[in-house]
Amino acid sequence: MVSNPKAAEIFRGIADLLDVMGERFKPEAYRRAARSIDSLTEDLAAVAGRGDLRSIPGVGDAIEEKLREYLASGRVDYYDRLQKDVPAGVAEMLRIPGLGPKTARRFWVELGIEGPAELLTALDAGRLVGVKGFGEKKIAQIRSAVEAHRAGGSSARLPIAEAYPIALALVRGLREGAGAERVEVAGSFRRGRETVGDLDLLVTTEEAERAFDVFSALPQVKEVRLRGGTKETVLLQNGLQVDLRVVEPAAFGAALVYFTGSKDHNVQIRSLAKDLGLRVNEYGVLRGEERVAGRTEEDVYQALGLAWVPPELREARGEVEAAARGPLPTLVGADDLRGDLHVHLPSNADPDSVDRLLAAGRERGLAYLGVVVVTVDRDGVRSALPDSLRTHLRNASGPQLRTFEVGEFGPAEDPSSPTGDRRPPEWWVARPTKRSGPLQPPSDARGRVFLVAHRGLRDLGDVRGVAAWNDFARKLGAAVEVGPGEDRLDSTWARQARESGLRISLPTGVGESPDSPTGPIALRFARRAGALPSEVLNAEPQPPISGAAKP
DNA sequence: GCCGTTTTCGGCCCGACTGTTTTCAGTCG
């Protein structure tokens with residue numbers, strides 16, 4: 001079965017092999033195409049069907065040809081042939097931190113080493129001693145990296161919701177301990193990607209050394225990887241890598257742009273700068289040696305003739321061209337959210353928990369709360385909240401903060417399956433249902449506030465699955481909920497949903513701890529999808545319950 | 001291999017850090 005992620009994987013494989021073969025620019029070209037394919041909200045076969053493959057950034061004649069071949073046969077001959085030329089283990093050596101294409105190639109060609117296992121054997125036999133370019137330190141470094149790699153080093157990307165509290169704690173530690181004036185988390189965390197590979201922290205301070213000392217001593221930090229005059233890299237206890245960079249205030253905006261990325265976005269604005277006779281780096285926008293911008297991000301973009309681009313959109317998907325035409329539409333923000341359509345009470349909730357939740361809602365200035373009282377699953381309707389609490393909830397609701405009951409309905413695991421199989425939407429529609437609860441989608445008027453929630457689509461890039469669920473939401477007249485669940489596809493889902501006219505619902509995290517990722521991360525995902533306030537159901541001042549229903 | 005309202009050829013981001021070099025190569029982000 002062909003799929004977008006598999007196609008991207010093949011191109012990344014080609015890139016690795018070309019790297020080892022010493023090609024200069026082709027590897028990056030194939031990787032660029034792979035990244036573009038990963039960020040598609042549409043199935044490749046559908047794009048090909050329209051004859052539109054060339055519209056994918058980074059896809060030209062040669063890659064279009066290979067995509068067609070892949071879609072027709074599931075294979076790419078060029079990749080198969082490359083794999084015959086280069087042993088798989090040589091490409092795998094590229095996965096070892098600190099080992100790049102040049103070194104991997106030298107090991108292979110000069111020493112006949114064809115993979116990490118053989119490299120370790122060679123190290124044990126002392127075969128690297130005396131080889132030009134490999135001193136004592138380098139050999140020790142390689143050995144430790146190979147061993148970590150062989151032990152299954154934790155190089156996997158972390159879901160952003162898990163990185164969120166860690167990032168908050170590090171920022172807090174730096175602010176309190178190092179007297180840092182300004183601390184920001186940049187990188188893919190700031191762009192709101194579903195997963196992060198590392199964290200990039202930027203600080204302004206007069207005392208870089210002190211900031212590094214404080215940072216290294218934080219309890220989350222396991223070891224210092226490298227430390228220079230402006231940059232420190234550490235490894236956290238949980239295996240996450242964190243880069244800390246000290247920048248001067250006059251360059252903070254430029255550094256923030258630079259380290260927020262994405263790489264493709266940076267490349268695009270740099271080449272634009274070049275056309276204008278300017279140069280962009282992390283210190284500013286430069287004309288010759290003169291810095292013409294750098295203090296704020298707005299300055300930097302303005303100096304390039306661009307409107308400021310929200311970090312969540314910096315993926316080289318047309319945002320630079322749009323920013324050249326004029327200001328971008330204002331994306332949904334935290335202040336736009338007037339209510340929450342999906343609030344859970346704990347399973348051991350009592351009247352006090354209900355009161356605390358309502359107090360939290362009022363404190364946030366929310367006008368309404370939709371509290372989950374039933375979950376609709378395979379057996380029809382399951383109650384999640386006892387009748388006594390439902391009565392308490394109704395009575396406690398007032399004019400400042402209205403409450404109403406909502407049901408949950410989504411691609412949850414099939415509870416009857418021991419392996420937790422996911423069921424396609426059709427299965428839910430066709431299922432025998434007892435229809436015994438208060439909410440009976442899709443005929444009930446209140447079905448309009450049904451949310452198709454975010455569980456169950458774990459495979460990154462499963463755009464077909466996403467499309468099926470969005471179609472399902474449309475049939476129900478439901479909004480699509482975006483949030484930092486276990487799933488990793490939410491911004492793809494949300495983008496596809498809003499492009500097809502569906503509305504989005506955003507959880508606010510009301511009633512959760514202040515460090516909870518729910519609200520902030522949901523918002524980032526929605527912004528990443530390009531959501532405007534008008535496209536978000538709970539940005540409406542009134543709750544969208546029956547009576548308010550549109551025809 | 002891709003890309004182009006100044007290009008269909010000749011470019012392709014750029015600086016920090018490390019280690020092994022005595023002026024630079026490789027890797028990384």
Side-chain angles (χ1 to χ4, degrees), chain A residues 11 14-15 17-19 21-36 53-67 76 78 82 93-107 128 130-142 145 155 186-189 191 196-202 208 212 224-233 241-247 251 254-255 257-286 304 316 321 324-325:
Chain A
F11 288 140
I14 291 175
L17 295 172
L18 290 174
D19 245 341
M21 299 188 62
E23 286 282 354
R24 286 273 276 138
F25 298 105
K26 289 185 187 181
E28 210 33 52
Y30 278 101
R31 288 196 184 97
R32 165 121 205 268
R35 285 196 297 273
S36 286
L53 287 173
R54 286 291 298 269
S55 71
I56 299 169
V59 175
D61 281 336
I63 292 185
E64 178 187 22
E65 180 75 32
K66 292 180 180 68
L67 273 174
V76 176
Y78 181 58
L82 282 173
M93 287 197 285
L94 297 175
R95 303 276 88 80
I96 300 169
L99 271 192
K102 298 276 166 45
T103 314
R105 183 179 173 81
R106 281 193 64 192
F107 284 164
L128 260 59
V131 177
K132 190 166 158 42
F134 293 93
E136 205 177 322
K137 272 183 156 180
K138 190 91 192 166
I139 289 175
Q141 197 184 68
I142 289 174
S155 58
S188 51
F189 182 88
R191 299 202 312 280
V196 298
D198 63 6
L199 289 175
D200 295 293
L201 268 56
L202 293 184
F212 291 155
V224 177
R225 278 271 176 86
L226 57 88
R227 178 167 169 170
T230 63
K231 169 183 169 175
E232 181 175 54
T233 298
Q241 181 175 306
V242 185
D243 294 338
L244 176 66
R245 289 179 173 87
V246 174
V247 299
V257 170
Y258 184 88
F259 292 114
T260 297
S262 67
K263 185 177 176 167
D264 290 335
H265 178 86
N266 284 353
V267 167
Q268 212 180 335
I269 62 175
R270 286 231 185 81
S271 97
L272 187 64
K274 204 172 168 184
D275 294 344
L276 298 169
L278 300 168
R279 194 159 49 95
V280 183
N281 58 27
E282 60 264 56
Y283 302 110
V285 181
L286 308 167
L304 301 173
E321 292 83 352
R325 289 193 292 270

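A, B, ... follow the sequence lines: proteins, then strands. Residue 1 opens every chain.
Rounded to whole angstrom, the span from the CD atom of A:E28 across to the P atom of B:dC14 amounts to 15 Å. With rounding to whole Å, A:R227 atom CZ is found 11 Å from B:dC17 atom P. Atom-to-atom, CG of A:L226 to P of B:dT18 comes out at 5 Å; the value is rounded to the nearest Å. Between the CG atom of A:L202 and the P atom of B:dA16 there is a distance of 14 Å, given to the nearest Å. Rounded to whole angstrom, the span from the CZ atom of A:F134 across to the P atom of B:dT18 amounts to 19 Å. Atoms OH (A:Y283) and C1' (B:dG15) sit 7 Å apart, rounded to a whole Å.
Interatomic distance, CZ of A:R245 versus CZ of A:F259, reported as 3.5 Å (0.5 Å rounding). Put simply, NZ on A:K231 and CG on A:L201 are 13.0 Å apart, with the number rounded to the nearest 0.5 Å. Separating the CG atom in A:L99 from the CZ atom in A:R105 is a distance of 15.5 Å, to the nearest 0.5 Å. Rounding to the nearest 0.5 angstrom, the gap separating the NZ atom in A:K26 from the CD1 atom in A:I63 is 10.5 Å.
Using a 4.0 Å heavy-atom criterion, one finds that A:G187 contacts no nucleic acid atom at all. A:E65 comes within 4.0 angstrom of nothing in the nucleic acid, heavy atoms only. A:T233 comes within 4.0 angstrom of no nucleic acid atom, judged by non-hydrogen atoms across all strands.
Across the P atoms, B:dT20 and B:dG26 are found 14 Å apart, a figure rounded to whole Å. With both ends at atom P, the span from B:dC17 to B:dT23 equals 23 Å, rounded to whole Å. Nucleotides B:dC14 and B:dC9, compared at atom P, are 25 Å apart to the nearest Å. For the C1' atom pair drawn from B:dT6 and B:dG11, the interatomic distance equals 15 Å after rounding to whole Å. Straight-line distance between the P atoms of B:dT21 and B:dT27: roughly 16 Å, to the nearest whole Å. Separating the C1' atom of B:dT5 from that of B:dG1 is a span of 24 Å, rounded to the nearest Å.
Heavy-atom distances to DNA chain B give each of A:V131 and A:E64 a nearest nucleotide, and the one nearer the 5′ end belongs to A:E64.
Note on A:Q141: a side-chain N or O is less than 4.0 Å away from OP1 or OP2 of B:dG19. The side chain of A:R225 places no N or O atom within less than 4.0 Å of a non-bridging phosphate oxygen (OP1 or OP2) of B:dC17. Side-chain N/O atoms of A:N281 include one lying less than 4.0 angstrom from OP1 or OP2 on B:dG15.
Partners of A:F107 by ring-ring contact (aromatic ring centres under 6.0 Å, His included), not counting sequence neighbours, listed by chain and number: A:F134.
A:F212 is not listed as a side-chain neighbour of A:V224, based on a closest heavy-atom distance of 4.5 Å or more. Contact of the A:H265 side chain with the A:I269 side chain is registered, since non-hydrogen atoms from C-beta on lie closer than 4.5 Å. For the pair A:D61/A:R54, a side-chain contact is recorded, criterion being any heavy-atom separation below 4.5 Å from C-beta on.
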Where protein sits on nucleotides 3-12 of chain B, one letter per nucleotide: B base, S sugar-phosphate only, - none, heavy atoms under 4.0 Å: S--------B
Where protein sits on nucleotides 22-29 of chain B, one letter per nucleotide: B base, S sugar-phosphate only, - none, heavy atoms under 4.0 Å: ----SSSB
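B:dT8 is unpaired under the criterion used here, namely a Watson-Crick or G-U wobble arrangement in which both key atom distances are under 3.5 Å.
Within 6.0 Å of CD on A:E321 lie more than 12 heavy atoms contributed by other residues, nucleotides or ligands.
Here the side chain of A:K137 is nearest to one of B:dA16, B:dC14, B:dG19, namely B:dG19.
A donor-acceptor pair under 3.5 Å is formed between the side chain of A:R191 and the backbone N or O of A:T260. Looking only at distances, no side-chain donor or acceptor of A:S36 sits under 3.5 Å from a matching main-chain atom of A:I56.
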